[in-house]
> 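There's a structure below that I have some questions on.
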Amino acid sequence: MAGRSRFAEVCCPQHPESHLIEDYRAGDQICSECGLVVGDRVIDVGSEWRTFSNEKANNDPSRVGGPENPLLNGSDLSTIIGPGSGGDSFGNSKYQNRRSMSSSDRALINAFREISNMADKINLPKTIIDRANVLFKQVHDGKNLKGRSNDAIASASLYIACRQEGVPRTFKEICAVSKISKKEIGRCFKLILKALETQVDLITTGDFMSRFCSNLGLPTFAQKAATHIARKAVDLDIVPGRSPISVAAAAIYMASQASDDKRTQKDIGDIAGVADVTIRQSYKLMYPHAKELFPEDFKFSTPIELLPPL
C-alpha cells in the first residue's frame with residue numbers, strides 16, 4: 001500500500017503479526033516474540049531534554065540549544081553550514097562550519113571567561129561575576145578605555161564589582177589571579193570609575209578583618225580585639241593617611257601579640273598583601289596608645305608593657 005509508512009512495512013519474518021518493540025537508545029526494532037532485531041537506525045523523535053511542564057512553576061524551561069547571553073551584541077550564535085573548497089577522497093564536496101559571531105562578541109566572551117576564571121580562583125559568587133560582566137560591557141561598548149588591554153579592564157571590573165557588592169578584595173588579591181600588574185589594574189580602576197561616572201564605597205578596616213583573621217587561624221576573641229583596636233585607632237585619628245588594610249594588619253599584629261596566638265608581621269603581611277614595613281609603620285603609630293585601643297574585657301596573655309615596640 002502506497003500510503004503505508006516505511007516503518008509499518010518492517011516485520012519479523014517468523015512472526016509477521018507480532019508487535020515490534022522500539023529501542024530508541026540502541027536505535028533498534030525488536031520482535032516481541034523471539035527478540036530478533038528486524039530494524040536498526042531508528043530515529044528518536046522524542047524530546048532530548050527534561051520536561052518541566054507538569055511541575056508547579058508557571059514557565060516551562062524546556063529548551064533546545066544554549067541559552068542566549070543578553071550581554072552579547074548579537075544573539076545568533078548558531079552554526080552555518082557553508083560550502084567548502086575542494087573535495088574528499090571519494091570526490092564529494094566538502095563542507096565547513098562557520099560561526100556567525102562578530103569580533104565584538106568574541107572579545108566579550110573572552111573577557112567574561114577571564115572574569116569567571118579569576119572569580120573562581122578566589123571563591124567569588126556569581127552575583128559579583130555578573131556585575132563585573134556588566135561593567136566590562138559598558139566600558140567595551142562605550143570604547144572609553146582605548147589602548148588598554150581587555151584583560152586589564154576585566155581585572156579592574158572585577159575589583160570594582162567586589163567593592164560595589166560589599167565584599168572588597170585588595171588590588172594584590174586581584175593581581176594574584178590576573179595576568180595584569182597591580183599598577184595597571186589601579187589605572188584602569190580609576191579610568192572606569194571616571195568613564196562610567198560611577199563610584200565605590202570607601203573601604204574600612206572591618207571589610208577585611210574577618211577574612212584576614214580567619215585565614216590566619218586566629219580565635220574569635222582575638223578577631224574581636226583586632227576589630228576594636230583598628231576602629232578605635234581610626235576614631236582617635238591615630239593613623240592618619242594610613243590605608244585601612246595596613247591599619248587592619250597592624251591591629252591584628254597587636255592583638256595577636258597580646259594573646260597566646262601570636263602571629264609575625266610576615267605571616268600577617270602575606271595574608272593581607274602588604275609589606276612588613278607597611279605594617280610596622282602603622283603599628284609604630286598605634287603602639288604608644290595601646291592602653292586606649294584594647295577592649296576593656298580583653299584577657300592579656302602578654303601585658304601591654306611587654307608588647308614588641310616595633
Side-chain angles (χ1 to χ4, degrees), residues 69-74 101-212 215 241-249 269-275 277-279 281-282:
N69 189 335
L71 294 179
L72 298 180
N73 295 321
M101 185 188 302
S102 67
S103 59
S104 176
D105 277 351
R106 192 172 293 110
L108 287 173
I109 288 175
N110 290 336
F112 296 162
R113 185 181 298 117
E114 179 66 16
I115 289 172
S116 180
N117 289 339
M118 289 189 292
D120 287 344
K121 290 177 182 177
I122 49 179
N123 300 317
L124 295 176
K126 190 175 184 300
T127 52
I128 294 178
I129 296 175
D130 291 342
R131 181 178 284 270
N133 287 345
V134 171
L135 288 169
F136 182 91
K137 178 173 171 57
Q138 290 174 340
V139 174
H140 181 269
D141 290 350
K143 300 179 180 178
N144 303 113
L145 272 70
K146 289 185 178 180
R148 303 290 178 182
S149 73
N150 285 342
D151 285 344
I153 299 172
S155 300
S157 297
L158 184 61
Y159 175 79
I160 294 172
C162 290
R163 293 272 296 268
Q164 291 181 339
E165 288 293 321
V167 284
R169 294 297 186 267
T170 64
F171 276 119
K172 192 163 185 177
E173 287 178 295
I174 300 297
C175 183
V177 296
S178 173
K179 307 169 186 174
I180 310 301
S181 68
K182 177 181 174 182
K183 189 175 182 179
E184 181 63 16
I185 296 174
R187 285 174 179 168
C188 286
F189 162 68
K190 293 178 181 178
L191 291 172
I192 291 174
L193 292 184
K194 183 178 179 181
L196 301 183
E197 297 182 352
T198 187
Q199 60 183 3
V200 292
D201 293 335
L202 293 175
I203 57 175
T204 65
T205 57
D207 291 328
F208 305 97
M209 193 64 75
S210 177
R211 186 156 47 89
F212 289 171
N215 291 338
R242 309 306 302 174
S243 74
I245 299 172
S246 65
V247 174
D270 290 342
I271 293 296
V274 295
V277 64
T278 305
I279 298 177
Q281 288 171 350
S282 294

> Is the shortest heavy-atom distance from the side chain of His140 to the side chain of Ser104 under 4.5 Å?
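The answer is yes; the side chains approach within 4.5 Å.
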> Nearest 0.5 Å, what's the CZ-OG distance between Phe208 and Ser246?
10.5 Å
> Which of parallel (below 30°), tilted (30 to 60°) and perpendicular (above 60°) describes Phe189 and Tyr159?
perpendicular
> Between Asn150 and Phe136, is there a side-chain heavy-atom distance shorter than 4.5 Å?
yes
> Atom CD1 of Ile115 and atom CD1 of Ile128: how far apart are they, to the nearest 0.5 Å?
12.0 Å
> Does the side chain of Arg242 come within less than 4.5 Å of Thr278's, by heavy atoms?
yes
> Work out which heavy atom in Ile153 is nearest to a heavy atom in Arg148; give both atom names and the distance.
CD1-O, 4.0 Å
> Is the backbone of Thr204 close enough, under 3.5 Å, to the side chain of Asp207 for a donor and an acceptor to pair up by distance?
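Looks like yes, one N/O pair under 3.5 Å.
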> As an exercise, state the distance from OG of Ser157 to CZ of Arg131, rounded to the nearest 0.5 Å.
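Taking OG in Ser157 and CZ in Arg131, the distance rounds to 11.5 Å.
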> Of all heavy-atom pairs between Ser155 and Met118, which one has the smallest distance, and what is that distance?
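For Ser155 and Met118, the tightest heavy-atom pair comes out as OG-SD, 3.6 Å.
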> Quick check: does any side chain N or O of Arg163 sit under 3.5 Å from a backbone N or O of Asp201, one acting as donor and the other as acceptor?
yes
> Quick check: do Asn144 and Leu191 have side-chain heavy atoms less than 4.5 Å from each other?
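They are not in side-chain contact.
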> Would you check if Leu196 and Ile160 make a side-chain contact, meaning some heavy-atom pair closer than 4.5 Å?
no
> Working to the nearest 0.5 angstrom, can you tell me the gap between Glu184 CD and Asp151 CG?
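Answer for the CD-CG pair, Glu184 versus Asp151, is 10.5 Å.
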> Considering non-hydrogen atoms only, spot the tightest contact between Ile192 and Ala156 and give its length.
CD1-CB, 3.7 Å
> Of all the heavy-atom pairs spanning Ile180 and Cys175, show the shortest one and how long it is.
O-SG, 3.3 Å
> Measuring from atom CD of Glu165 to atom CD1 of Ile129, what distance do you get when rounded to the nearest 0.5 angstrom?
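Here the rounded value is 11.5 Å.
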> Is the shortest side-chain heavy-atom distance between Arg169 and Leu124 below 4.5 Å?
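Contact flag for Arg169/Leu124 side chains = yes.
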> Any heavy-atom pair between the side chains of Ile185 and Cys188 that's under 4.5 Å?
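No, their side chains stay 4.5 Å or more apart.
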> Backbone N or O of Phe112 within a donor-acceptor pair of the Ser116 side chain at under 3.5 Å?
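No, Ser116 side chain to Phe112 backbone: no donor-acceptor pair under 3.5 Å.
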> How long is the span from the OG1 atom in Thr127 to the CD atom in Gln164, to the nearest 0.5 Å?
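Atom-to-atom, Thr127:OG1 and Gln164:CD are 12.0 Å apart.
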> Looking only at heavy atoms, which two atoms of Asn110 and Arg113 are closest? And how far apart?
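Shortest heavy-atom contact: OD1-NH1, 3.1 Å.
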> Nearest heavy-atom pair of Ala272 and Ile245: which atoms, and what distance?
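Taking every non-hydrogen atom into account, O-CG2, 3.7 Å.
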> Are a donor atom and an acceptor atom from the side chains of Thr170 and Glu173 found within less than 3.5 Å of each other?
yes
